[in-house]
Amino acid sequence: MEPQTTDRARSRRERRRGEDRRDRNWYIDKAVQALVFIGGISGILFIIGIFVFITKEGYGFIAETLDIGEFLTSPRWRPTSDHNPTYGALALIAGTTSVTGLAMLVSVPFSLGAAIYIGEFAKGRTRETLKILVELLAAIPSVVWGFIGLSIMNPLIIKTFNVPIGLNVLNSGLILGLMAAPIMTTIAEDALKAVPDTYREAAEALGATKWQVIYRVVLPAGKNGLVAAVLLGVGRGFGETMAVLMASGHSINLPTSVFDSVRALTATIAAELGETAVGSDHYRALFTLGILLFVVTFVINLTADLVVRGIRKK
Amino acid sequence: MVAETPVTASASNARVQTEPTPPFVEVQDLSIHYGGKKILSGVSFDIYENEIFGIIGPANSGKTSFLRALNRMDMFTPGMNVTGTIKIDGHDIQRWKNVYALRRRIGVVFPLPVGLPLSVYDNVALAPRLAGIKRRSELDIIVERCLTRAALWEEVKDRLDSLGSLLSGGQQQRLTIARALSQDPDLLLLDEFSIAVDPVTTMRIEDVLKELKHEITIVLVTNLVQQTRRLSDRTAFLLSGELVEVGETAELFEGKVRDQRTLGYLEGRFG
């Protein structure tokens, strides 16, 4: 039989041939691609820019004046001394580390617990209310937390433990833990929510109890997100300035107990930068602290990435 | 089960003669509502020990909901409401004190394979571990036996440590079957297990099921009329939540039906 082409098919073909031109949608597509590319690349550019800026300000100092060994091992931070300024950052590093460490000790169990409760146990309105409350907690400005540390925790610690000063590692660690917990809870809860329900049902069908489902299936499946949540908390701890400045006592110390006052890297920069002459050794020393913070944060993130990749590969 | 009951595993048609064996699953006036919607309305039938009981019917006829009610998954489904009684092994499942122990007696295979993000080994060892088995040698035996039964052992025996969720669809489904068998169930529920499996593998699994029915009672929910013909001893036909009829599969396919709708469905005249 002769193949027949109807008029409708023929005219449709004519029309389609005419459609091969760059129309509005084509240009919109290109424009969106370009915009998204700029957005994506700018993030990286900003980070590189920040790194270059901090390094430029601090580099000359590191190369000429600073003794790296002293910087990392000496607890003596005396940049304002007239005849013999010393730049030992060990006490500051110890301050930041001890406060962050205590904060994580407090907040990791609490926020993982909260995330598991909100994500796996709470239902309906309870769940929604809790989520909103937790997000609200995350929005409290850090200076308010610092204020709580200064005016509520301080006398409480003095009274409870009978110590002379309540602005110390314990105080700032608890405050920082409370600050980091909501964010960690939110991220961890997202990680648990990302675990498909089919996994839960499969485990339940095997006779797993609620806790067994969580422990054996949900937590291993959400491991990456949970690691990310914890590391975000650590990052928050390292970077937090105002609350730590207010609650830690801000005195240079190698802490031997949680009741010792300490000073954090961030707080030192915040408190001293305004009082230094631009370009002075002190000014550049503070930028060196900035580089140190930057490097630490970078290492934490890199470790997180490697850990997560390691988990994935297996 | 009581020991003096004669074992009727030798031939499936012998079961009809030894009827005094009480049904393994008794469904009485079972209704399931989802929110306000009726999914299953007052169905009653029995499932006997060591048979493959097929359930067929078009989508939304209540097949999957019935399976969910059987192992009390309704507990986890908000809005799902089950009335009527289901007795398994003579006990009303609503009165079961430890629902987890009930589920351990029932293996479930879902339509789409669920390879848990654990290693192949851990996928199969999960249920025994949940039940408290810790010795590696014991777990090794269970894992190998279940994977062999699910016709998967040869393909995965060299990569038991790789992630179960990385296997192909058909392999994952056999992994799911191995996992369902790993708790040594009395009752195996298969919900359209062959949807994501190629025909050759499906046939292999079907052979496995024919073997398994000598020790496990199997409920097979399927969309494939020919599959129920090949496998099940008796078949129930559900339509829009109603039990149209239940009978010996062979007789139904010979045309001995009480309801013309059954014949129409079996012959593919509507669906």
Side-chain angles (χ1 to χ4, degrees), chain A residues 112 115-131 187-229 306-314, chain B residues 64 67-68 70-79 96 98-119 122-132 161-166 172 175-185 187-191:
Chain A
L112 290 188
I116 290 173
Y117 179 71
I118 295 174
E120 303 291 318
F121 288 97
K123 289 199 180 78
R125 193 170 289 171
T126 323
R127 181 187 170 135
E128 291 313 309
T129 315
L130 274 174
K131 283 188 74 166
I187 306 279
E189 203 256 321
D190 285 345
L192 296 180
K193 210 167 59 186
V195 175
D197 274 342
T198 52
Y199 290 178
R200 294 186 182 86
E201 283 197 353
E204 277 157 6
L206 293 173
T209 62
K210 191 98 194 158
W211 171 240
Q212 284 175 323
V213 171
I214 293 166
Y215 177 71
R216 297 275 187 174
V217 175
V218 178
L219 292 184
K223 202 154 41 179
N224 291 1
L226 297 176
V227 170
L306 291 177
V307 168
V308 169
R309 263 167 219 273
I311 291 167
R312 231 182 263 148
K313 213 184 270 173
K314 210 183 157 197
Chain B
T64 302
L67 292 189
R68 292 181 74 87
L70 261 185
N71 75 339
R72 300 285 323 271
M73 290 294 267
D74 55 297
M75 282 177 66
F76 294 102
T77 319
W96 215 282
N98 184 349
V99 67
Y100 308 111
L102 170 72
R103 292 208 187 100
R104 282 198 283 271
R105 295 184 65 172
I106 304 174
V108 186
V109 176
F110 299 98
L112 294 175
V114 182
L116 293 172
L118 310 166
S119 72
D122 290 340
N123 259 283
V124 184
L126 180 61
R129 278 182 178 141
L130 293 174
D161 288 334
S162 64
L163 269 180
S165 41
L166 295 179
Q172 279 196 43
L175 181 64
T176 314
I177 293 174
R179 204 170 58 208
L181 294 175
S182 69
Q183 48 191 343
D184 199 13
L187 184 62
L188 183 63
L189 312 180
L190 297 155
D191 190 359

Between B:L116, B:V99, B:N71, which has the largest tally of heavy atom pairs under 4.5 Å with chain A?
B:L116

Between [X] and [Y], which heavy-atom pair has the shortest distance, and what is it?
X      : Y      : result
B:F110 : A:A205 : CZ-CB, 4.1 Å
B:P117 : A:Y199 : CD-CE1, 3.3 Å
A:A208 : B:L130 : CB-CD1, 3.5 Å
B:V114 : A:T198 : CG1-O, 3.7 Å

Quick one: what part of B:R179 sits under 4.5 Å from any heavy atom of chain A, side chain, backbone, both or neither?
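B:R179 touches chain A through backbone and side-chain heavy atoms alike.
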
Portion of B:I106 that has a non-hydrogen atom of chain A nearer than 4.5 angstrom
backbone

When only pairs under 4.5 Å are counted, which of A:G124, A:A202, A:P196 shares the most heavy-atom pairs with chain B?
A:A202

Does some side-chain heavy atom of B:L126 sit less than 4.5 Å from a side-chain heavy atom of A:L206?
yes

Any side-chain heavy atom of A:Q212 sitting closer than 4.5 Å to one from B:R129?
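Answer no - side chains too far apart.
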
Got a sec, which residues hit ring-ring contact (aromatic ring centres under 6.0 Å, His included) with A:Y215, two or more places apart in sequence or on another chain?
A:W211

Rounded to the nearest 0.5 Å, how far does CD of A:E201 lie from CE of B:M73?
4.5 Å

